[in-house]
Amino acid sequence: MPAPAPFLHVETGTGSTRIRDRVARALLVLAAAGAVAAVAGAVDGVADAGPATRMVETWRMLGFGVFAGLFLLLAYRPRLYAGIWELAILNKLGLTLAALSFGSGTDGAGAALIADGSITLILLAAYVLSKGWTAWSTARAAA
(Lines give C-alpha, C1' and ligand atoms only; values in the text may rest on other atoms or scores of the structure.)
Protein backbone atom coordinates (compact mmCIF):
# COMPACT_ATOMS: atom_id res chain seq x y z
CA MET A 1 0.00 0.00 0.00
CA PRO A 2 1.48 3.40 -0.98
CA ALA A 3 2.13 6.01 1.66
CA PRO A 4 -0.54 8.73 1.95
CA ALA A 5 0.19 11.89 -0.01
CA PRO A 6 1.37 14.79 2.15
CA PHE A 7 -0.84 17.86 2.32
CA LEU A 8 1.50 19.90 0.17
CA HIS A 9 2.03 17.23 -2.46
CA VAL A 10 4.75 18.21 -4.91
CA GLU A 11 4.05 17.52 -8.57
CA THR A 12 6.44 15.27 -10.41
CA GLY A 13 8.55 16.91 -13.07
CA THR A 14 11.92 18.45 -13.57
CA GLY A 15 13.92 19.72 -10.62
CA SER A 16 13.20 23.28 -11.68
CA THR A 17 9.44 22.63 -11.75
CA ARG A 18 9.51 21.04 -8.30
CA ILE A 19 11.41 23.99 -6.86
CA ARG A 20 9.02 26.52 -8.44
CA ASP A 21 6.05 24.54 -7.12
CA ARG A 22 7.50 24.44 -3.61
CA VAL A 23 8.15 28.18 -3.62
CA ALA A 24 4.65 28.87 -4.98
CA ARG A 25 3.10 26.62 -2.34
CA ALA A 26 5.10 28.28 0.42
CA LEU A 27 3.88 31.69 -0.76
CA LEU A 28 0.28 30.47 -0.79
CA VAL A 29 0.59 28.96 2.69
CA LEU A 30 2.03 32.29 3.85
CA ALA A 31 -0.96 34.09 2.31
CA ALA A 32 -3.34 31.62 4.00
CA ALA A 33 -1.63 32.15 7.36
CA GLY A 34 -2.04 35.89 6.92
CA ALA A 35 -5.72 35.42 6.15
CA VAL A 36 -6.18 33.24 9.25
CA ALA A 37 -4.45 35.93 11.32
CA ALA A 38 -6.82 38.48 9.79
CA VAL A 39 -9.79 36.34 10.88
CA ALA A 40 -8.43 36.27 14.41
CA GLY A 41 -7.81 40.02 14.30
CA ALA A 42 -11.33 40.70 13.05
CA VAL A 43 -13.06 38.89 15.90
CA ASP A 44 -12.76 41.93 18.18
CA GLY A 45 -14.07 44.15 15.39
CA VAL A 46 -17.20 42.02 15.18
CA ALA A 47 -17.60 41.90 18.96
CA ASP A 48 -17.17 45.67 19.29
CA ALA A 49 -19.31 46.60 16.28
CA GLY A 50 -22.55 48.41 16.77
CA PRO A 51 -25.76 47.53 14.98
CA ALA A 52 -24.84 49.76 12.01
CA THR A 53 -21.60 47.90 11.24
CA ARG A 54 -21.94 44.44 12.84
CA MET A 55 -23.01 42.73 9.60
CA VAL A 56 -20.26 44.37 7.54
CA GLU A 57 -17.62 43.41 10.11
CA THR A 58 -18.92 39.81 10.18
CA TRP A 59 -18.89 39.65 6.36
CA ARG A 60 -15.31 40.95 6.36
CA MET A 61 -14.16 38.43 8.97
CA LEU A 62 -15.74 35.50 7.16
CA GLY A 63 -14.29 36.72 3.85
CA PHE A 64 -10.82 36.41 5.34
CA GLY A 65 -11.67 32.80 6.18
CA VAL A 66 -12.85 32.11 2.64
CA PHE A 67 -9.61 33.49 1.24
CA ALA A 68 -7.56 31.38 3.67
CA GLY A 69 -9.36 28.32 2.30
CA LEU A 70 -8.90 29.39 -1.32
CA PHE A 71 -5.19 29.96 -0.81
CA LEU A 72 -4.83 26.50 0.75
CA LEU A 73 -6.75 24.88 -2.11
CA LEU A 74 -4.46 26.60 -4.59
CA ALA A 75 -1.42 25.48 -2.60
CA TYR A 76 -2.66 21.90 -2.61
CA ARG A 77 -3.43 21.71 -6.34
CA PRO A 78 -2.22 24.85 -8.13
CA ARG A 79 -3.05 23.55 -11.59
CA LEU A 80 -6.53 22.22 -10.84
CA TYR A 81 -8.80 25.18 -10.04
CA ALA A 82 -9.50 27.08 -13.26
CA GLY A 83 -10.65 30.61 -12.51
CA ILE A 84 -9.89 30.62 -8.79
CA TRP A 85 -6.42 32.08 -9.32
CA GLU A 86 -7.75 34.83 -11.52
CA LEU A 87 -10.66 35.69 -9.22
CA ALA A 88 -8.40 35.88 -6.18
CA ILE A 89 -5.82 38.01 -8.00
CA LEU A 90 -8.47 40.37 -9.40
CA ASN A 91 -10.12 40.74 -5.99
CA LYS A 92 -6.87 41.63 -4.26
CA LEU A 93 -5.77 43.89 -7.11
CA GLY A 94 -9.14 45.65 -7.05
CA LEU A 95 -8.87 46.25 -3.31
CA THR A 96 -5.31 47.54 -3.77
CA LEU A 97 -6.43 49.98 -6.47
CA ALA A 98 -9.41 51.08 -4.37
CA ALA A 99 -7.13 51.78 -1.42
CA LEU A 100 -4.81 53.74 -3.70
CA SER A 101 -7.64 55.80 -5.14
CA PHE A 102 -9.25 56.51 -1.75
CA GLY A 103 -5.97 57.68 -0.28
CA SER A 104 -5.09 58.63 3.25
CA GLY A 105 -8.41 60.39 3.80
CA THR A 106 -10.17 57.03 4.11
CA ASP A 107 -9.87 55.01 7.31
CA GLY A 108 -8.13 51.71 6.64
CA ALA A 109 -6.97 52.58 3.11
CA GLY A 110 -3.29 52.59 4.07
CA ALA A 111 -3.50 49.21 5.80
CA ALA A 112 -5.48 47.75 2.89
CA LEU A 113 -2.95 49.10 0.41
CA ILE A 114 -0.13 47.32 2.22
CA ALA A 115 -2.01 44.09 2.97
CA ASP A 116 -3.86 43.64 -0.30
CA GLY A 117 -0.97 44.97 -2.36
CA SER A 118 1.34 42.41 -0.74
CA ILE A 119 -1.14 39.59 -1.28
CA THR A 120 -1.57 40.64 -4.92
CA LEU A 121 2.19 40.38 -5.46
CA ILE A 122 2.37 37.04 -3.62
CA LEU A 123 -0.49 35.64 -5.70
CA LEU A 124 1.02 36.85 -8.96
CA ALA A 125 4.38 35.32 -8.08
CA ALA A 126 2.79 32.00 -7.09
CA TYR A 127 0.63 32.02 -10.24
CA VAL A 128 3.66 32.45 -12.48
CA LEU A 129 5.84 30.01 -10.53
CA SER A 130 3.22 27.25 -10.56
CA LYS A 131 1.87 28.06 -14.03
CA GLY A 132 -1.61 28.42 -12.56
CA TRP A 133 -3.10 29.28 -15.96
CA THR A 134 -2.63 25.64 -17.00
CA ALA A 135 -5.65 24.81 -14.83
CA TRP A 136 -7.75 25.96 -17.78
CA SER A 137 -6.39 23.19 -20.01
CA THR A 138 -7.03 20.67 -17.23
CA ALA A 139 -10.62 21.92 -16.97
CA ARG A 140 -11.11 21.72 -20.73
CA ALA A 141 -9.69 18.18 -20.83
CA ALA A 142 -12.08 17.08 -18.08
CA ALA A 143 -15.15 18.53 -19.84
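Bear in mind the structure is a predicted one, so any value in this text is a computation, not a measurement. Side chains are part of it too, since the values below use all heavy atoms of this structure and drop only hydrogens, waters and symmetry mates.
Of the possible polar contacts, none joining the Thr53 side chain to the Ala49 backbone as a donor-acceptor pair under 3.5 Å is found. With Trp85 contributing its side chain and Pro78 its backbone, the two residues share a donor-acceptor pair below 3.5 Å. Remark: side-chain polar atoms of Thr96 are paired, donor with acceptor, to backbone N or O of Asp116 under 3.5 angstrom.
Looking at Asp21 and Arg79, a side-chain N of the basic residue comes within less than 4.0 Å of a carboxylate O on the acidic one, giving a salt bridge.
By the 6.0 Å contact criterion, CG on Asp48 is enclosed, its count of non-hydrogen atoms from other residues, nucleotides or ligands being greater than 12. The environment of CZ in Phe64 is crowded: more than 12 heavy-atom neighbours from other residues, nucleotides or ligands sit within 6.0 Å.
When all heavy atoms of Ala82 and Ala139 are compared, the pair lying nearest together is CB-CB, 3.9 Å. Heavy-atom minimum distance, Ala24 versus Ser130: CB-CB, 3.9 Å. The minimum heavy-atom distance between Glu57 and Gly45, with the atom names listed, is CG-O, 3.9 Å.
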Please assess Ile84 against Leu73 for the test side-chain contact (heavy atoms from CB on, under 4.5 Å), listing each intermediate value before the final yes or no.
CA-CA 9 Å; Ile84 300 301; Leu73 284 172; over 6 Å; no

Could you go step by step and tell me if Asn91 and Phe67 meet the side-chain contact (heavy atoms from CB on, under 4.5 Å) rule?
CA-CA 10 Å; Asn91 175 274; Phe67 272 92; 3.4 Å; yes

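Atom CZ of residue Arg77 and atom OG1 of residue Thr138 lie 9.0 Å apart, to the nearest 0.5 angstrom. Expressed to the nearest 0.5 Å, how far OH of Tyr76 lies from CG of Leu28 amounts to 15.0 Å. Rounding to the nearest 0.5 Å places CZ of Arg18 at 12.0 Å from CZ of Arg25. Note: Leu90 CG to Thr120 OG1 = 9.5 Å, rounded to the nearest 0.5 Å. Between atom CG of residue Leu121 and atom CG of residue Leu27 there is a gap of 10.5 Å, rounded to the nearest 0.5 Å. To the nearest 0.5 Å, the span separating CG on Leu70 from CG on Leu123 amounts to 10.0 Å.
There is a path of hydrophobic side-chain contacts, each under 4.5 Å, that joins Ile119 to Leu124. Residues Leu113 and Leu93 are members of one and the same hydrophobic cluster, defined by side-chain heavy-atom contacts under 4.5 angstrom among Ile, Leu, Val, Met, Phe, Trp and Tyr. Linking Ile, Leu, Val, Met, Phe, Trp and Tyr residues whenever their side-chain heavy atoms come within less than 4.5 Å leaves Ile114 and Ile122 in two separate clusters. The hydrophobic clustering, which links ILVMFWY residues whose side-chain heavy atoms are closer than 4.5 Å, places Ile89 and Leu80 together. Linking Ile, Leu, Val, Met, Phe, Trp and Tyr residues whenever their side-chain heavy atoms come within less than 4.5 Å leaves Leu97 and Phe102 in two separate clusters.
Residues Tyr81 and Glu86 form no side-chain contact, since every pair of their non-hydrogen atoms from C-beta on lies 4.5 Å or further apart.
Using modelled atom types and a 3.5 Å distance limit, the side chains of Thr58 and Arg54 yield no donor-acceptor pair.
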